[in-house]
Number of protein chains: 2
Amino acid sequence: MLQANNVHHLKDVTNPVLFGVAPDSLQGLFRRQPVEHLCAGQSLFLEGDAARHLFEVVEGSLRIFRIISDGRRVITGFLHAGDMAGVSMTGNYLYSAEAVVDTRIRRISRKLFDAEVAKSPELQSEVFSLLRDEMADAQDQMVLLSRKSAEERLCSFLLRQAEAAPGARANAGIVALPMTRLDIADYLGLTIETVSRTITKLTQRGIICPVGRHAVQLLKHGVLVQLSGDGEYFSDGCRQISYAAGNHH
Amino acid sequence: MLQANNVHHLKDVTNPVLFGVAPDSLQGLFRRQPVEHLCAGQSLFLEGDAARHLFEVVEGSLRIFRIISDGRRVITGFLHAGDMAGVSMTGNYLYSAEAVVDTRIRRISRKLFDAEVAKSPELQSEVFSLLRDEMADAQDQMVLLSRKSAEERLCSFLLRQAEAAPGARANAGIVALPMTRLDIADYLGLTIETVSRTITKLTQRGIICPVGRHAVQLLKHGVLVQLSGDGEYFSDGCRQISYAAGNHH
DNA sequence: CGCATGCTTGAATTTAATCAACCCTAGTGG
DNA sequence: CCACTAGGGTTGATTAAATTCAAGCATGCG
C-alpha cells in the first residue's frame, strides 16, 4: 500500500522530532534508542519469553496474540505508530508480538525503564495512564467478545481502527487495515468467512466501501456507530434494570 | 456517609488485625478506614460516576459490570475478600459495582490514595503489581470469550473460582459460587440456559457435583483442567509454562 | 401454605462455524 | 508482456453450537 514514502534516515528525524518532546517523557526515553526494522510476519517476542525489553512502534503495526491448546489464536490487540508494548508486565511476556507489515521499532531495557520511571514522577503518571488506557481497551474488548454480534464487532472494529490509526487519508473517511482477514477474525473472535461476509453485507448496504484489500472507506459513519452497539443505555430517567436490586449509595 | 472521622492511631500495631501488615502496604491504607456494609444486590458505584473512592472487599463478593445499548449486561469480573476496586481508573468509573451477597467493604478517597502512593515507592510497586494482575486476568478473559466453547468456559470459571476464593472447604474441593446463574452467564458470555445445561452435563459425567445452588464440589480436578482448554500449545520447541496467570496480589 | 424467584429441561430457531469451491491479485519467471 | 502460481479472499451449502421460546420444577420466604 503506502510503503516506501517515508524512509527517512535516523539523523533526518533526530532534531525536528526531539524538538518539543519533554525531557521526562516515555517518548523521550525511546528517542535515544536506535530504530530497528522488522519484516512483515517477523516475531518481536514470544509469550513466555523473559520480558527484558519494552518497545515503541515507530512505524507500521504489530499484532499481540496468544495461542491456546489446539492452536487456536487469539489476537488481543494491534499496536500502531506511537504505541508501546511490554509496559504491563515484568517477568515474562504474557503474549507474543509479530509485525503485521514491515515495521520499525525502538526498544529499551526493562532495567533502564524501571530505573528512569522510579526517578521521575512524570514518567510514573505516564505509565499509570498507559496502563489505565490498556485496561479500558481490554474492558471494551471483553464487552465486544462477550455480547456483540458479528456485525456489531465489525462496525466497532472499523470505528476503533479509524480512531487509533488516523492515516493521511483519514479526512476522506478511509481507514487503513494493514492486517489480513485472518488477523481481524482472530481479533474479533470470528472466522475469516464471517468477517468476509459481514464486510460484503456492509458494502452492499452502502455503509462502507473497500479500497483494495487493506483499506476501507467509511461512507455512513453515523450508521456505523449505530450498528456498533456502543450506544449508551438510557431508559428515560431512572435505570429500570431488572438485575439491579439495590440503589446506589 | 461516614468518612474520615475514624482515624485510629497507627501505632496500635499490636492489634491482631494489624499484626503482620507492613506499615507501607495497600492493605495498611484501608485498615484505618471503617468497615461499611452492603446488602445483597446493593450498588457500590455506577459506570460513569466520578471515581472519588477506591474500595477493598473485606468480606463477601462484588460483581463488576457494564451495560450496553439494549440492556445487555457484561460482567467483567468478580471481586472477593482481599480484592480492590477502582485502582485502574481516575476520573470516572469504567464500570458499575454491586454486591453479589451481603458484603463488607472499606473505602479510601482517591485523593488520599494518590497522595500516599506518591510518597511511598513500596505502594507504587504494589499498585503496578495490581494493575499487571488485572491486565493478566483481562487477557485470560479475552481468550475465554474469544475462542472457548461453553464447556471450556465453565471449566475455566470453576477452576479460577477455586483459586481466587479458597473457602474453608477448599480442601474438600468445594468451591463457593455466591453469584447467580445469570451472573455466571453474563460473565462467561453465555445464557443462563447454556450455563445450566453445561453444569448438568459435567455433573452427569461425574466431574463436578453441585452442593446446593451456591457451591460445587470438584471431583475430577485433572479432567476439569483438560476441559478448560488452558493447556499450552506446543509447536516446535517445547515451551512448558505452568498455569501461572490469574493470581490476585 | 402459596407465591416469587431462580434454576432446569425440552423443542424450535438462529447465528456463526465448517466444509468446499472458486476468484482475484500480486509476484514470478519465462 | 503474458502465463502461471500461491496465498489471501469471497461465496455457497451444510452443520453444529448456542440462543430463544416455552414449560415445568425447586427453593426460600412472607
Side-chain angles (χ1 to χ4, degrees), chain A residues 1-4 39-41 63 70-75 100-102 144-155 157 177-204 208-216 227 229 241-246, chain B residues 39-41 63 70-75 100-102 144-155 157 177-204 208-216 227 229:
Chain A
M1 288 298 93
L2 31 123
Q3 324 243 46
C39 296
R63 57 179 161 253
D70 51 346
R72 286 169 286 185
R73 183 179 70 160
V74 178
I75 292 183
V100 170
V101 293
D102 286 9
L144 181 147
L145 294 170
S146 186
R147 285 280 174 254
K148 286 188 180 176
S149 69
E151 188 175 86
E152 289 174 320
R153 292 180 198 204
L154 239 300
C155 293
F157 171 69
L177 300 176
M179 66 292 289
T180 66
R181 296 289 186 267
L182 183 55
D183 287 333
I184 297 175
D186 285 349
Y187 181 52
L188 299 180
L190 302 169
T191 59
I192 29 176
E193 292 95 332
T194 301
V195 169
S196 185
R197 276 188 252 274
T198 307
I199 288 177
T200 301
K201 267 182 245 160
L202 291 174
T203 304
Q204 283 166 350
I208 63 173
C209 178
V211 180
R213 275 180 178 177
H214 291 294
V216 169
L227 294 178
I241 301 163
S242 44
Y243 328 109
Chain B
C39 296
R63 60 178 160 253
D70 51 346
R72 288 169 285 184
R73 184 180 69 160
V74 177
I75 292 183
V100 170
V101 293
D102 284 10
L144 180 146
L145 294 170
S146 186
R147 285 280 176 253
K148 286 188 180 177
S149 69
E151 188 176 87
E152 290 174 319
R153 291 179 199 203
L154 239 302
C155 294
F157 172 69
L177 300 176
M179 66 293 290
T180 67
R181 296 288 186 269
L182 182 57
D183 286 333
I184 297 175
D186 284 350
Y187 181 52
L188 298 180
L190 302 169
T191 58
I192 30 175
E193 292 95 333
T194 301
V195 169
S196 185
R197 276 187 251 273
T198 307
I199 289 177
T200 302
K201 268 183 244 160
L202 292 173
T203 304
Q204 284 166 350
I208 63 174
C209 178
V211 180
R213 273 181 179 177
H214 291 294
V216 168
L227 293 179

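What you are looking at is a predicted structure, and each value in this text was computed from that prediction instead of being measured. By convention in this document, chain letters (A, B, ...) are assigned in the order of the sequence lines, proteins followed by strands, and residues within each chain are numbered from 1.
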Testing the 3.5 Å rule here: is there a donor-acceptor pair between the side chains of B:T191 and B:T194? yes
Hey, is the side chain of B:R181 poking within less than 4.0 Å of OP1 or OP2 on C:dT8, counting only N and O atoms? yes
Measure from the side-chain N and O atoms of B:R147 to the backbone N and O of A:L190, and report whether any donor-acceptor pair falls under 3.5 Å. yes
Is a side-chain N or O of B:R181 found less than 3.5 angstrom from the main chain of B:S196, in a donor-acceptor match? no
note: A:I192, atom CD1; C:dA21, atom C1'; distance rounded to Å ~ 14 Å
Could you check how far CD of B:E193 sits from P of D:dA23, rounded to whole Å? 14 Å
When only distance counts, do a donor and an acceptor, one from the side chain of B:R197 and one from the base of D:dT20, lie under 3.5 Å apart? yes
Check whether any side-chain N or O of B:T200 sits under 4.0 Å from OP1 or OP2 of C:dT9, and answer yes or no. yes
Send over the distance from A:H214 NE2 to D:dG7 P, rounded to a whole Å. 15 Å
In whole Å, I'd like the distance from the CD atom of A:E151 to the P atom of C:dT14. 17 Å
Can you check the A:L177 CG to D:dG8 P distance for me, whole Å? 16 Å
Nearest whole Å is fine: how far is D:dA18 P from B:E152 CD? 9 Å
Within less than 4.0 Å of OP1 or OP2 of C:dA17, is there a side-chain N or O belonging to A:T194? yes
salt_bridge(B:R72, A:E152) N-O dist < 4.0 Å: yes
Please tell me if B:S196 has a side-chain N or O lying less than 4.0 Å from either OP1 or OP2 of C:dT8. yes
Does D:dT19 have OP1 or OP2 under 4.0 Å away from a side-chain N or O of B:T191? yes
Regarding A:D183 and A:R73, does a basic nitrogen lie under 4.0 Å from an acidic carboxylate oxygen? yes
Under 4.0 Å, heavy atoms only, any strand: does B:L190 hit a base, just the sugar-phosphate, or nothing? sugar-phosphate
What is the distance, rounded to the nearest whole Å, between atom CD1 of B:I199 and atom C1' of C:dT8? 10 Å
Quick one: A:L188 CG to C:dA17 C1', roughly how many Å, whole number? 15 Å
